[in-house]
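Right, one structure below, let's go through it.
Side-chain atoms are counted along with the backbone in the values below, which use heavy atoms only and exclude waters and symmetry mates. Remember, it's 1-based here, ligands and their atoms both numbered in the order they're listed.
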Amino acid sequence: MLMLFNLFLVACGGATATTSGQIVPTATPTLRQTATVAPTRTVQPTATRAVQATPTPIVLPTSTPLPPSPTPTPPPPNFDENVAFKHLQVLVNDIGVREAGTPNHEKAGDFIENYFRSLKLQTQRPLSSFDSLIDRGSGLKLTANGQTEQIKGSSLRFSTNIKVTAPLAKAGQALNGSLTAGSLQGKIALIERGGITFADKAKNAKAAGAIAVIIYNNQAGELNGTLGSDVGMPVIGVNQAEGQKLLVFADQNAMVEFTVDIAVEKRNFSNVVGIRPALTPKSPNPPVLIIGGHYDSVPAGPGANDNASGTVIVMELARVMQTKYPDVELRFIAFGAEEFGLYGSADYVKNLSQAERARVKAMLNIDMVAVGNTLYFGGNNTLVQLAFAGASEVGAGDVQAMPNSLVNGSSDHAPFAQAGISVLFFYRGEDPNYHQPTDTSDKIIPSRLGLVGNIVIKVIDSYVIN
Ligand code: BES
Ligand code: ZN
């Protein structure tokens with residue numbers, strides 16, 4: 001509570017609001033509806049004389065009028081983790097998987113929007129879309145020595161479609177100038193990841209006569225990726241272990257049945273924005289604070305921790321902050337389509353005008369905070385320090401600064417940071433059910449919702465002086 005509003009401006013004002021960053025995902029926005037509910041909030045009169053309820057026989061010995069006593073404004077409610085957990089049960093148990101572009105994502109959006117409306121926030125549901133890659137049955141089947149084996153792999157974005165059976169041929173990393181013309185004629189090139197882009201590998205293999213390309217990973221993990229643009233080549237990625245297997249088969253003149261059958265589908269989705277305008281603005285364009293988290297889940301599971309946990313903290317903060325920070329405009333945002341590439345947040349930032357961007361003094365992102373022992377804070381140094389201070393006030397246990405690699409790109413704060421806006425990212429590691437069907441509501445520890453909610457309040461209390 002001690003930091004002056006001055007610091008708020010100095011730490012996070014115009015100087016940091018650059019627009020140098022490039023936002024990678026591109027979403028196409030159109031305004032579906034701006035369901036604006038006019039704020040019915042009225043400012044409490046502060047100098048009305050208290051009404052005396054019971055007449056009293058005692059006559060005051062003096063005619064001096066009583067000083068006006070202010071009508072007490074009810075204190076803001078406390079963050080209630082049980083209220084937050086009830087919202088979570090709706091999102092996770094009643095609605096379930098919230099894959100962007102599906103009716104369930106919209107159902108969840110409706111639920112959040114209706115809740116924001118019930119709090120008398122102004123709501124917005126700007127419609128956006130993104131391109132999603134559909135795999136209708138790509139695959140690899142090997143035949144060597146009379147035996148066949150299915151190999152697991154996935155088509156790269158911008159691969160061309162094909163169904164062909166041809167011999168496999170090793171092509172190293174297919175670096176520029178390493179392949180002789182015609183050396184891969186009519187073959188399926190087996191290429192190791194590394195050195196140059198996937199697209200350049202595919203181009204080099206094509207120039208050497210290859211008709212299709214398999215790229216295997218040079219480290220653990222699946223190889224999913226993009227060619228960036230159409231280079232006229234079918235390309236499938238496989239993991240390192242499958243790559244090693246294929247190398248052996250290549251030495252045995254194995255034949256490969258190679259199928260790429262992909263399509264791009266446009267999917268619609270929306271963010272859900274609840275705005276609490278400044279109640280007593282000090283200027284026509286008061287400062288804006290954004291508190292957000294994504295409400296979509298991966299297709300594989302109902303995303304209780306990732307990220308119903310963050311969503312419901314945002315919802316509960318919207319309730320408890322209704323009358324707080326009256327000079328500031330608060331925006332509570334549930335972002336859509338995060339799991340397919342931060343589309344909702346990227347879209348939101350892209351559509352902020354320069355003037356709007358300059359008003360945004362901070363963006364707090366809450367993503368995956370109800371499972372795991374350590375709570376991480378990442379982003380703007382001033383905000384991270386406030387989070388540490390808040391955490392010790394609320395007794396949050398093990399807290400740590402987040403590794404920079406995670407701050408940079410893994411969730412919805414990233415597009416804001418790239419636009420020069422100060423961000424604070426809350427996240428807990430160690431979720432064994434991350435992106436699994438088992439990320440369910442029974443794994444959620446409600447007190448963790450309360451802890452993060454209260455740290456957010458402490459951070460903003462310190463960041464803004466009323
Ligand atoms: N909730 C995660 C972000 C996350 C995961 C933060 C693990 C820290 C550790 C988020 O929903 C997610 O899965 N993000 C993707 C990237 C995104 C651009 C699709 C990720 O981290 O792989
Ligand atoms: Zn997430």
Side-chain angles (χ1 to χ4, degrees), residues 21-27 88 91-92 97-101 105 108 112 128 130-133 154 157 217 219-226 267 269 271 291-314 333-350 363-379 384 399-418 423-440 443-444 448-449 452:
Q22 280 293 312
I23 298 152
V24 182
T26 51
L88 186 140
L91 288 171
V92 176
V97 173
R98 302 173 303 284
E99 176 183 354
H105 189 268
I112 299 161
S128 301
F130 65 99
D131 288 339
S132 148
L133 190 69
S154 49
R157 180 81 194 271
N217 212 341
Q219 59 196 42
E222 299 304 318
L223 192 141
N224 299 302
T226 176
R267 294 194 184 196
F269 76 97
N271 294 324
I291 302 169
H294 72 90
Y295 72 97
D296 63 314
S297 72
V298 289
N305 191 34
D306 185 11
N307 183 35
S309 67
T311 307
V312 302
I313 291 172
V314 173
I333 309 183
F335 294 105
E338 189 265 4
E339 298 287 5
F340 286 115
L342 315 182
Y343 288 106
S345 47
D347 186 44
Y348 189 82
V349 171
K350 199 177 72 189
M363 188 276 183
L364 277 58
N365 180 31
I366 310 168
D367 190 0
M368 289 178 73
V369 290
V371 173
N373 287 324
T374 307
L375 177 62
Y376 292 91
F377 306 127
V384 169
V399 286
Q400 278 182 37
M402 180 182 303
N404 266 337
S405 57
L406 282 176
V407 182
N408 291 338
S410 54
S411 187
D412 290 314
H413 55 282
F416 288 85
Q418 281 167 8
V423 300
L424 176 59
F425 180 30
F426 295 81
Y427 149 76
R428 277 181 198 276
E430 315 157 68
D431 184 351
N433 302 296
Y434 174 55
H435 287 183
Q436 302 299 314
T438 44
D439 182 8
T440 45
K443 316 291 189 324
I444 299 301
R448 300 262 160 90
L449 304 175
V452 172

Contact summary for Ala337 and His105, nearest pair of heavy atoms: N-NE2, 3.4 Å
N/O/S from Asp306 sitting under 2.8 Å away from the Zn ion (ligand 2): yes
Metal site the Zn ion (ligand 2): N/O/S of Asp367 inside 2.8 Å: yes
Heavy atom of Asn307, distance to ligand 1 below 4.0 Å: no
If you measure from [atom1] on [X] to [atom2] on [Y], what distance do you get to the nearest 0.5 Å?
X	Y	atom1	atom2	result
Phe426	Phe377	CZ	CZ	6.0 Å
Tyr295	Ile112	OH	CD1	6.0 Å
Met363	Ile333	CE	CD1	7.0 Å
Asp296	Phe335	CG	CZ	11.5 Å

Positive for side-chain contact (heavy atoms from CB on, under 4.5 Å) with Glu338, one of Val298, Asp367, Asn307, Asn365: Asp367
Sub-3.5 Å N/O-N/O distance, His435 and ligand 1: yes
Sub-3.5 Å N/O-N/O distance, Tyr434 and ligand 1: yes
Can you list the ligand 1 atoms lying under 4.0 Å from a non-hydrogen atom of [X]?
X	result
Leu342	18 (C)
Asp367	1 (N), 2 (C), 3 (C), 10 (C), 11 (O)
Asp306	1 (N), 2 (C), 11 (O)

Minimum non-hydrogen distance to atom 4 (C) of ligand 1, winning option of His294, Glu339, Glu338, Met368: Met368
Worked verdict on Ser128 versus Tyr343 for side chain to side chain contact (heavy atoms under 4.5 Å, CB included): CA-CA 8 Å; Ser128 301; Tyr343 288 106; over 6 Å; no
